[in-house]
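Read through the structure below, which is laid out as structure tokens, and then see the notes.
As the structure lists them, so they are numbered: ligands from 1, and atoms in each ligand from 1. Numbers here simply count residues along the sequence, with the first being 1.
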Amino acid sequence: MTQTHSYGELKLFVDGEWLGAEGRVIEDVINPATGEAIGALPHATPADLERAVAAATREFKAWKAMTAFDRAKIIRKAADLLRERANEIGRRMVLDQGKPIGEAIPEVHISADILDWTADEGRRTYGRIVPSRVPGARWMVTREPVGAVAGFTPWNFPGVIPARKISAALATGCTMVIKPSEETPSTVLEIARALQDAGLPNGVLNVVHGKPADVSEHLIAADGIRKITFTGSTAVGQHLAVLAAKAGVKRATMELGGHAPVLIFEDADIDHAIRVMVHAKYRNAGQVCISPTRFYVHDSVHDKFVDGFAKAASALKIGDGLDPSSQMGPLANSRRVPAMERMVADAVQRGAKVKAGGERGSNRGYFFQPTVLADVPQDAIIMNDEPFGPVAVTARFTSFDEVIEQANRLPYGLASYAFTRSSQTAAMVSDALEAGMVGINNNFISMAETPFGGVKQSGYGSEGGTEGMDAYLVTKMTSLS
Ligand code: NAD
């Protein structure tokens, strides 16, 4: 293992205790900018997993009984600690995930904001009184935390995604065992550390690592676990949803894949659309489930849009995320580079034109150039499978109905975008798109206070907003007379 930058020790966090290697299986954590091992991650043993579930189950009663007001104080204090520590946490996120430091440090701040907002929203999980049919009776609807939750988070947003799940679970009175991606484990451990330093009782939050399939099978089947929350691919989500159903019809929230269409209408402000979408496309090297991917551009403005977009994409500086001048880092793991190469080669072979990039960015690390493919036929793999990388693809359209049909063609329905100056077109697009989120003339679709989630095979349930709290609550009706 080459220690080029200090990355720090990685541990399990179980029942308030930090557990190191001590005889456990160890997995290397790789810096995607160099391909070098930078850290050693201990895997949880079956006994560790059992201990984590036992702690979360045991602590649920007391944590649920604590007032939402007091739970919020702890979570908000952790948010402040994350802000104080953001530079160092962000630096370590660059080392294991690869994104530029200019994205990593803000991600820690956004994670802290999510903790703040959600902590406060936990104090507003109101019930209601239903007018009773019986004189003198009270019909009360109250909402209670579902119980101990098992969470599984991916490698693309190691701060924001765990922050959403942890804060909503804890703010509503649930406890949690979370398994972050083994490839990017440092940030969630720092969220756990901040919560512990803020006074979180032992066992309320537990962090475990291991072989994803083994850990999820164990946790989902565990008696004490009442709910599953997963962010990742549709294939894995389907598998986990089946496990959750078989394990006792356990509740589940599934944030799965996307293949976001972008509709550029004839009357769009093209320069604005290029500015917004280049940033959105290449952020985190395109490894974003809401990344704009299929650009359907009106035939009359297609070439202008594509030329401007390709020019801006080619001008992006790619490099090691620790270099503050890097605008796009490497892909997060070695699997993504051949995946991009396969998709680009397939599209080109079917007639797509390469307008920018199209190749690996360097022999060292997992870089791939910001890429634009124009006039990509519908049967190309990339028009159907989520690229999850820095590749934008374009196709032409001439009529509203035609573009809506194309946009809704895939089984995904997570994010979608449109650019138009017409308020009538904007309203029609918002109604017609089959998607959980629609950004019209902007890409502001992921905030702590708004629901984030998909339809069709992009999953079910929301995170963020009041809907994100619902995911951790069950409803009880009490009839009192
Ligand atoms: P993958 O499908 O094997 O893994 C996706 C995520 O799921 C990873 O974090 C992984 O640790 C986890 N995972 C895999 N099997 C699991 C299991 N049995 N139990 C619990 N967790 C499990 O593939 P990958 O190569 O890591 O990523 C490829 C694809 O995953 C991407 O193309 C993209 O479609 C999807 N993905 C989506 C998101 C998202 O934010 N929705 C994030 C990361 C990856």
Side-chain angles (χ1 to χ4, degrees), residues 27 29-30 32 41 43-44 49 96-99 107 150-165 177-185 187-188 207-222 225 228-244 247 252-260 283-291 293 331-340 342-343 366 368 381-382 384-391 410-415 436-437 445-446 452-454 456-464:
E27 175 175 350
V29 175
I30 307 293
L41 184 72
H43 281 196
L49 296 178
D96 59 25
Q97 204 279 340
K99 65 182 64 182
E107 180 171 342
F152 305 95
T153 54
W155 41 262
N156 53 342
F157 287 97
V160 162
I161 296 174
R164 280 181 185 278
K165 296 186 193 302
V177 181
I178 189 166
K179 187 202 82 61
S181 164
E182 283 62 36
E183 292 168 330
T184 58
T187 313
V188 73
V207 185
V208 296
H209 321 286
K211 253 179 87 191
D214 294 350
V215 177
S216 59
E217 241 171 77
H218 187 116
L219 293 183
I220 293 171
I225 297 295
I228 319 303
T229 174
F230 171 74
T231 300
S233 61
T234 294
V236 174
Q238 266 178 327
H239 172 62
L240 299 192
V242 170
L243 292 183
T253 301
M254 293 286 162
E255 297 287 354
L256 309 178
H259 202 300
R283 179 171 74 107
N284 203 7
Q287 302 162 117
V288 185
C289 52
I290 57 169
S291 184
T293 293
L331 302 185
N333 55 61
S334 59
R335 302 183 294 286
R336 301 311 312 149
V337 179
M340 291 304 101
R342 271 195 304 275
M343 285 187 166
Y366 312 137
F368 198 83
I381 293 169
I382 200 163
N384 298 279
D385 293 355
E386 184 175 27
F388 224 68
V391 185
L410 296 186
Y412 297 112
L414 192 60
M437 292 155 289
I445 58 170
S446 172
F452 184 103
K456 302 200 281 188
Q457 289 183 28
S458 291
Y460 44 79
S462 287
E463 299 195 305

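Of the options N284, N333, N156, T187, a side chain to side chain donor-acceptor pair (under 3.5 Å) to Q97 is made by N284 and by none of the others. Remark: of the listed residues K211, E27, H209, E27 is the sole one forming a side chain to side chain donor-acceptor pair (under 3.5 Å) with H43.
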Do any nitrogen or oxygen atoms of ligand 1 lie under 3.5 Å from a protein nitrogen or oxygen, and which ones?
residue: ligand 1; atom: 2 (O); partner: S233; partner atom: OG; Å: 2.7
residue: ligand 1; atom: 19 (N); partner: P212; partner atom: O; Å: 3.4
residue: ligand 1; atom: 19 (N); partner: S216; partner atom: OG; Å: 2.8
residue: ligand 1; atom: 25 (O); partner: R335; partner atom: NE; Å: 2.8
residue: ligand 1; atom: 25 (O); partner: R335; partner atom: NH2; Å: 3.3
residue: ligand 1; atom: 26 (O); partner: W155; partner atom: NE1; Å: 2.8
residue: ligand 1; atom: 26 (O); partner: R335; partner atom: NH2; Å: 2.9
residue: ligand 1; atom: 34 (O); partner: E386; partner atom: OE1; Å: 2.4
residue: ligand 1; atom: 40 (O); partner: N156; partner atom: ND2; Å: 3.1
residue: ligand 1; atom: 41 (N); partner: G232; partner atom: O; Å: 3.4
residue: ligand 1; atom: 41 (N); partner: L256; partner atom: O; Å: 3.4

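Ring-plane geometry between F230 and F152 is classed as tilted, the angle between the planes lying from 30 to 60 degrees on a 0 to 90 degree scale.
Residues E183 and D96 fail the side-chain proximity criterion, which asks for heavy atoms closer than 4.5 Å.
Listed by chain and residue number, nothing satisfies the salt bridge (Lys or Arg N to Asp or Glu O under 4.0 Å) test with E255 (two or more places apart in sequence, or in another chain).
Between the side chain of E107 and the backbone N or O of G159, at least one donor-acceptor pair lies under 3.5 Å.
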